[in-house]
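I have placed the structure first, in the form of structure tokens, so that the comments after it can refer back to it.
Each chain gets a letter, A, B and so on, in the order its sequence line appears, and its residues count up from 1. In what follows, every heavy atom counts, from backbone to side chain, and hydrogens, waters and symmetry copies are set aside. Quick caveat: nothing in here was measured; it's all calculated off a predicted structure.
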Amino acid sequence: MSDSENKPSNFIRHIIDGDRRANKNNGQVVTRFPPEPNGYLHIGHAKSICLNFGLAQDYDGVCNLRFDDTNPEKEDVEYVDSIKNDVTWLGFQWQGEPKYASNYFPQLHDYALELIKAGKAYVCSLSPEEAREYRGSLTAPGKDSPYREQSVAENLDLFARMKAGEFDEGAKVLRAKIDMASPNINLRDPILYRIRKVAHHQTGNDWCIYPMYDYTHCISDAIEGITHSLCTLEFEDHRPLYDWVLDQLPELAHPQQIEFARLNLNYTITSKRKLKQLVDEKHVLGWDDPRMPTVSGLRRRGYTPLSIRNFCDRIGVTKVDGVVDMATLEFCIREDLEHRAPRAMCVINPLKVTIDTWDTETIEDLSAPRHPKDESMGRRTLKMTRVIYIDHSDFAEVPPPKYKRLTIGKEVRLRNSYVIKCNEVIKDEQGEIIELRCSHDVDTLGKKPEGRKVKGVIHWVSAEHSVPAQVRLYDRLFSEENPDAAAKDHNNEDSHFLDFLNPDSLTIMDQARVEFSLAETQAGDAFQFEREGYFTADPDSTAEQLVFNRTVSLRDSWAKTARK
RNA sequence: UGGGCCGUCGCCAAGCGGUAAGGCACCAGGUUUUGAUCCUGGCAUGCGCAGGUUCGAAUCCUGCCGGCCAAGCCA
């Protein structure tokens, strides 16, 4: 399977095609993926990664990984490391060494001096509160800061003293001199530098003034020779500022910023801030909790890099602010695992079955293919014994209409084994079914039974020759399609997205049994547990007990007909 | 009383003036020792609405309507 062929086109590719026809940038394509290291990457970042790196690949260009690290208070090397790891895992390679906006702090400072000298920037001593008032509102123009017409000499002096640490945080900022009456608030003399007396994860205590995003990003792009600077829709209003800064610095290249819609997925959230909150407040077990839409969570859940890349290709790139159905993501992982996951049997909720017609001592080795359509995966051996387990849900005393599984007096096929018939149901004092007594038809191994049709096939494991496992079943993280909208609808200030966490997002099945051939399973190994779904061994697995995460269930048309 | 952007099937999405691709979901059949996979077929006289231009409009024009973004010394 290849994911690099037949990539659907999109409006950004159209723009690039046009640029290449016009020989803009000598026809080169240089992109960048610019995360801030203040959290783990999520599926929405994967969309951006696939876009930026994919474009570079397809147009014989390059893509940089650049950490947008201008806010040391929220950033950490832990995030830097996880981001590098996740990008690599997704299958992409950045050009050269990872870049950091902080690499450019000296240049950024020099350009600031240039702007001041040109009368395009000034040091403003308004307090944050005053600055907000002076900014005006969405509908009302702002008014000029009293410091706006300070002399260049004074601005230079003040800025130098800001840099030297003479002022407290918040006391002064460097501002661009643009237009306080602009209908675009981003152009109302935006802040370029602020004072932050904190250590930076890359530059330590070298600086106590840090440049703002709008000032840093465009210059970083220009320094790196980025041709197409792709970002999400909320930065549309920032583009005039991106262009303004570069227009003041004519010695620099001028990349083109293009905005696309960020990814929204239903029943989950793609907000780094909120994901961090889930982790910090321990609503989940960590950034890599398999319920999280983070790259690390998806990886632990069992999603493959290819499935995620295919997903990103399928959903497309547009400017429409939409919501993608989780079913699309699930389809993509099933599509990949269908081909690559060996089949195995796992009884998640065991019900003891004794086959009275089977000799107590007899253990029969049965050979079964690892994949029904791919012989190259080889075969495994199943151990058939007198006492086996089947799943509780595969037996019903009073079967619903169209039920094809085991019921009293009826037959069912044991997958890769014999046809058995249920003769007796044994219950405990509470009336709970605790055991089935069955008989088997010796003439049904690898062949259809004589004179009758047995439709149902169920999976099973030998009681003795199977290994204990814990199976973690996951469901959607939130019970509402859009937790934020649900919180708003509740029209209640206290209501918020956490109120819609799905209490059943994790179900631990601790008594599961997997077939003997899985005894040597390693963390990360993926299987299709037949009739159940795709599962991946979790790093929590121990010598005593394997742990499997359900990546996704199989499509289940029975669940649909049973509901009717 | 403003600015920017967006509205094509339940969801995503092609389309760029010549008469509505595709995928997901869903429905109906076929194959099947996984109610899986696979295969076949169905699924927008219609493109937010209303006018207009044109031989011809989802594509151009005008006006409405609806949604999203932005008033961090966050990115």
Under 4.0 angstrom, heavy atoms only, what part of the nucleic acid is A:Leu192 near: base, sugar-phosphate, or nothing? nothing

Is a donor-acceptor contact shorter than 3.5 angstrom present between the side chain of A:Asp237 and the base of B:G3? yes

In whole Å, measure the gap between the P atoms of B:A21 and B:A58 for me. 13 Å

Base, sugar-phosphate, or nothing for A:Leu233, non-hydrogen atoms under 4.0 angstrom? nothing

With the criterion set at under 5.5 Å between ring centres and under 30 degrees between planes, would B:G35 be stacked on A:Trp558? yes

So what does A:Lys404 hit on the nucleic acid, given a heavy-atom distance under 4.0 Å: a base, only sugar-phosphate, or nothing? base

So does A:Arg452 pair up with A:Glu411, basic N to acidic O under 4.0 Å? yes

Taking OP1 and OP2 of B:U33, is either one under 4.0 Å from a side-chain nitrogen or oxygen of A:Thr444? no

How would you label the contact of A:Pro372 with the nucleic acid (heavy atoms, under 4.0 Å): base, sugar-phosphate, or nothing? base

Across the strands shown, which category fits A:His14 at heavy-atom distances under 4.0 angstrom: base, sugar-phosphate, nothing? base

According to a strict under-4.0 Å criterion, is A:Arg531 in side-chain N/O contact with OP1 or OP2 of B:G35? yes

Kindly indicate whether the side chain of A:Glu532 and the base of B:U34 share any N or O donor-acceptor pair separated by less than 3.5 Å? no

Has A:Lys448 got a side-chain N or O lying under 4.0 Å from the OP1 or OP2 atom of B:U33? yes

Does A:Asp556 reach a base, just sugar-phosphate, or nothing at all? Heavy atoms under 4.0 Å. sugar-phosphate

Rounded to whole Å, CZ of A:Arg132 lies from P of B:A71 at a distance of 11 Å

Would you indicate what A:Tyr403 reaches in the nucleic acid, counting non-hydrogen atoms under 4.0 angstrom: base, sugar-phosphate, or nothing? base

Looking at A:Thr318, does any N or O in its side chain come under 4.0 Å of the phosphate oxygens OP1/OP2 on B:C12? no

A:Asp321 near the nucleic acid: base, sugar-phosphate alone, or nothing, with a heavy-atom cut-off under 4.0 Å? sugar-phosphate

Under 4.0 Å between a side-chain nitrogen and a carboxylate oxygen: does that hold for A:Arg380 and A:Glu515? yes

Just call it for A:Val323: base, sugar-phosphate, or nothing, with non-hydrogen atoms closer than 4.0 Å on any strand. sugar-phosphate

Could you tell me whether A:Phe529 and A:His459 have their ring centroids closer than 6.0 angstrom? no

Within the 4.0 Å heavy-atom criterion, would you say A:Tyr193 contacts the bases, only the backbone, or no part of the nucleic acid? nothing

When all nucleic acid strands are considered with a 4.0 Å heavy-atom cut-off, which category describes A:Arg334: base, sugar-phosphate, or nothing? nothing

Using a 4.0 Å heavy-atom cut-off across all strands, classify A:Gly322 as base, sugar-phosphate, or nothing. sugar-phosphate

Touch check for A:Arg196, heavy atoms < 4.0 angstrom, all strands: base, sugar-phosphate only, or nothing? base

Using a cut-off of less than 4.0 Å, is there contact between a side-chain N or O of A:Arg555 and OP1 or OP2 of B:U37? yes

OP1 or OP2 of B:U37 under 4.0 Å from side-chain N/O of A:Arg343: no

Is the shortest heavy-atom distance from the side chain of A:Tyr242 to the side chain of A:Ile219 under 4.5 Å? no

For the residue pair A:Lys274 and A:Phe497, would you count it as a cation-pi contact if the rule is NZ or CZ under 6.0 angstrom from the ring centre and within 45 degrees of the ring axis? yes

OP1 or OP2 of B:C73 under 4.0 Å from side-chain N/O of A:Arg135: yes

In plain terms, say whether A:Arg13 and A:Asp17 are close enough for a salt bridge, that is, a side-chain N and a carboxylate O under 4.0 Å apart. no

Could you give the distance separating B:C65 and B:C12 at their P atoms, to the nearest angstrom? 24 Å

Side-chain N or O of A:Lys560 less than 4.0 angstrom from OP1 or OP2 on B:C26? yes

